[in-house]
Chemist: 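I'd like to ask you about the structure that follows.
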Amino acid sequence: MSHKSAKDFFRPLAVGAPQPLREIPARPSRAIHFFDPSNEKMAAKIPAMVGTVDVLLGNLEDAIKADNKVAAREGLVKIAQETDFGPTQLWTRINALDSPWVLDDLTTLVPAIGEKLDVIMVPKVQGAEDIHYVDRILAQLEAKAGITRPILIHAILETARGVANVEEICGASPRMQGLSLGPADLAADRKMKTTRVGGGHPGYLVREDAPRGADGLPDLDAKRAIFQQDLWHYTIAKMVDACATHGIYPYYGPFGDIKDTVACEDQFRNAFLLGCVGTWSLHPVQIKIANRVFSPSVEDIAHARRVVAAMGDGTGAVMIDGKMEDDASLKQCLVLVELAEKLAEIDPDLKATYDAIETPEA
Ligand SMILES: CC(C)(COP(=O)(O)OP(=O)(O)OC[C@H]1O[C@@H](n2cnc3c(N)ncnc32)[C@H](O)[C@@H]1OP(=O)(O)O)[C@@H](O)C(=O)NCCC(=O)NCCSC(=O)C[C@H](O)C(=O)O
Ligand SMILES: [Mg+2]
């Protein structure tokens, strides 16, 4: 594959297009909330959701019936034009690049609402060539419409080839904002044998060893504990590494069992602990879960601030509560403290919670 030279990487891809960003802003995006702009009941709820969720995403791709594709696109334009989104980001998920709708998605949305659109999510990305295509056409459309800041690109990792090419996808354009896992399409593409949209599977497990009987041999009839494993661990970890390498942001994706809020919270927390900055929300009930899980806990912030205070100039080693802390664990603590500061800027309740934590003197 040929690469652009470093000096050309940040040049606009069309005369008159906005200057590409050199750093992707770390805007809070704990929940990317999906809505169907062609569903009048759902669409009517969107203005009131501004400020309650970090990202509102008008979905045009899967889950929108073929007959409603045009209505969804037009509905999104109407909502975007009529709504003041304040601190909430507006994203869209366009149709797949091989679909009959995607060209109209792009050529309609950018001129009509390009100034309001923060990020375009591109599904079923296979490799850098897909990002290059969207990158160039966005530059042309931005130039034509006089858009003043670049619209960013978010890729969904939902094909085996996409996972294999994850590094080149992340580095394909200065527009790359992040990646999400698409577990349903990915499972189908890989021919995994799960029919669930995200989450675990009771068949994917490890079993405790059989205890020894009186004869010293394994008692294979004894009851043994089983431990369900995470089907998505490998892909999420791979996605996190690729995003961190390229200075962009990893997200979990959909959790389809809307009623199982406990398992949803577990899946979200695993992703948060592994390095993801947010997740998708498919139903209003999942927003609260995501906001809670992807915000550092009071305990974590209290501990992190103690370590920051105790570490002074950031070098050396200290003992806190019987545990060694040093330069590296300080960096871990700073990840949490800096995230809490960013979230406090947009979430007054969280700010009050973090402000109430007693912070030790440095
Ligand atoms: C999942 C749903 C189809 C459930 O809808 P429904 O049966 O209507 O739920 P409720 O009766 O509980 O709804 C209660 C009220 O809330 C409103 N509602 C529901 N969902 C939303 C929403 N997302 N945003 C705003 N408002 C919402 C209902 O209208 C009800 O209102 P009221 O009657 O006035 O009380 C539905 O939630 C839904 O369609 N969600 C989005 C699904 C979606 O976007 N899917 C695509 C993303 S996942 C994917 O694509 C897979 C991925 O790519 C991969 O490959 O893994
Ligand atoms: Mg999908």
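For ligands, and for the atoms within them, numbers begin at 1 and follow the listed sequence. Residue numbers start at 1 and run along the sequence shown.
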Chemist: Between the Mg ion (ligand 2) and E158, which N, O or S atom of the residue is the nearest one?
Modeler: OE1

Chemist: Any side-chain heavy-atom pair from L179 and C170 closer than 4.5 angstrom?
Modeler: yes

Chemist: Report the member of R196, R93, E61 with the shortest heavy-atom distance to atom 53 (O) of ligand 1.
Modeler: R93

Chemist: Could you check whether any heavy atom of L282 sits closer than 4.0 Å to an atom of ligand 1, since that is the contact criterion I want to use?
Modeler: yes

Chemist: Do D209 and R224 touch side chain to side chain, with heavy atoms closer than 4.5 Å?
Modeler: no

Chemist: When you look at NZ of K238, are more than 12 heavy atoms from neighbouring residues, nucleotides or ligands closer to it than 6.0 Å?
Modeler: yes

Chemist: So, are K124 and D189 salt-bridged, with charged N and O less than 4.0 Å apart?
Modeler: no

Chemist: Please report the interatomic distance CG(N59) to CZ(R93), rounded to the nearest 0.5 Å.
Modeler: 4.0 Å

Chemist: Below 3.5 Å, N or O to N or O, backbone or side chain included: is there any such pair between I46 and ligand 1?
Modeler: no

Chemist: Mark up the atoms of ligand 1 that fall under 4.0 Å of a heavy atom belonging to M42, in ascending order.
Modeler: 20 (N), 21 (C), 22 (C), 23 (N), 24 (N), 25 (C), 26 (N), 27 (C), 36 (C), 38 (C), 39 (O)

Chemist: Inspect the contact between E82 and K78 and indicate whether a charged nitrogen and a carboxylate oxygen are less than 4.0 angstrom apart.
Modeler: yes

Chemist: Would you say I156 contacts ligand 1, with heavy atoms under 4.0 Å as the rule?
Modeler: no

Chemist: Can you list the atoms of ligand 1 that are under 4.0 Å from a heavy atom of N59?
Modeler: 44 (O), 46 (C)

Chemist: Heavy atoms of the protein only: does one fall short of 4.0 Å from atom 2 (C) of ligand 1?
Modeler: no

Chemist: Is there at least one protein heavy-atom neighbour under 4.0 Å from atom 23 (N) of ligand 1?
Modeler: yes

Chemist: I'd like to know if E129 pairs up with R161 as an ion pair, taking the criterion as any Lys NZ or Arg NE/NH1/NH2 lying under 4.0 Å from an Asp or Glu carboxylate oxygen.
Modeler: yes

Chemist: For atom 32 (P) of ligand 1, which of the options K45, K124, H33 provides the nearest non-hydrogen atom?
Modeler: K45

Chemist: Any protein heavy atom under 4.0 Å from atom 5 (O) of ligand 1?
Modeler: no

Chemist: Within 2.8 Å of the Mg ion (ligand 2), is there any N, O or S atom belonging to D185?
Modeler: yes

Chemist: What's the shortest distance from atom 33 (O) of ligand 1 to any protein heavy atom, and which residue and atom give it?
Modeler: K41 NZ, 2.8 Å

Chemist: Which of the atoms in ligand 1, numbered in the order shown and given with their element, are less than 4.0 Å from a heavy-atom of D62?
Modeler: 46 (C)

Chemist: Just jot down the ligand 1 atoms closer than 4.0 angstrom to any heavy atom of W280, in number order.
Modeler: 48 (S), 49 (C), 52 (C), 53 (O)

Chemist: Below 4.0 angstrom, counting only protein heavy atoms, does anything approach atom 11 (O) of ligand 1?
Modeler: no

Chemist: Which distance, rounded to the nearest 0.5 Å, do you find between the CE of M324 and the CG of D326?
Modeler: 4.0 Å

Chemist: Would you say the rings of H154 and Y249 are close, in the sense that their centroids are separated by under 6.0 Å?
Modeler: no

Chemist: Between D118 and R149, is the closest basic N to carboxylate O distance under 4.0 Å?
Modeler: yes

Chemist: Looking at the Mg ion (ligand 2), is one of the N, O or S atoms of E61 less than 2.8 Å from it?
Modeler: no

Chemist: Can you list the ligand 1 atoms lying under 4.0 Å from a non-hydrogen atom of A63?
Modeler: 43 (C), 45 (N), 46 (C)

Chemist: Can you tell if the side chain of R30 reaches within under 4.5 Å of the side chain of V277, non-hydrogen atoms only?
Modeler: no

Chemist: Quick check: closest heavy atoms across E142 and P18, and the distance to 0.1 Å?
Modeler: OE1-CD, 3.4 Å

Chemist: Looking only at heavy atoms of P284, does any of them come nearer than 4.0 Å to an atom of ligand 1?
Modeler: yes

Chemist: Under 4.0 Å and counting heavy atoms only, is there anything from the protein next to atom 46 (C) of ligand 1?
Modeler: yes

Chemist: What heavy-atom pair brings L282 and H33 nearest, and what distance separates the two atoms?
Modeler: C-CE1, 4.2 Å

Chemist: Centroid separation under 6.0 Å, is that true for the rings of W280 and F34?
Modeler: yes

Chemist: Under the 6.0 Å and 45° cation-pi test, does R207 pair with F227?
Modeler: no

Chemist: What protein heavy atom sits nearest atom 48 (S) of ligand 1, and how far away is it?
Modeler: P254 CB, 3.7 Å

Chemist: Is atom 20 (N) of ligand 1 close to the protein, meaning a heavy atom under 4.0 Å from it?
Modeler: yes

Chemist: Can you confirm, on distance only, whether ligand 1 has an N/O atom lying under 3.5 Å from any N/O atom belonging to F35?
Modeler: no

Chemist: Determine whether any heavy atom of D36 lies closer than 4.0 Å to an atom of ligand 1.
Modeler: no

Chemist: For ligand 1, note which part of A184 has a heavy atom under 4.0 Å away: side chain, backbone, both or neither.
Modeler: both

Chemist: Please list, in number order, the atoms of ligand 1 under 4.0 Å from a heavy atom of H283.
Modeler: 9 (O), 10 (P), 12 (O), 13 (O), 14 (C), 19 (C), 20 (N), 37 (O)

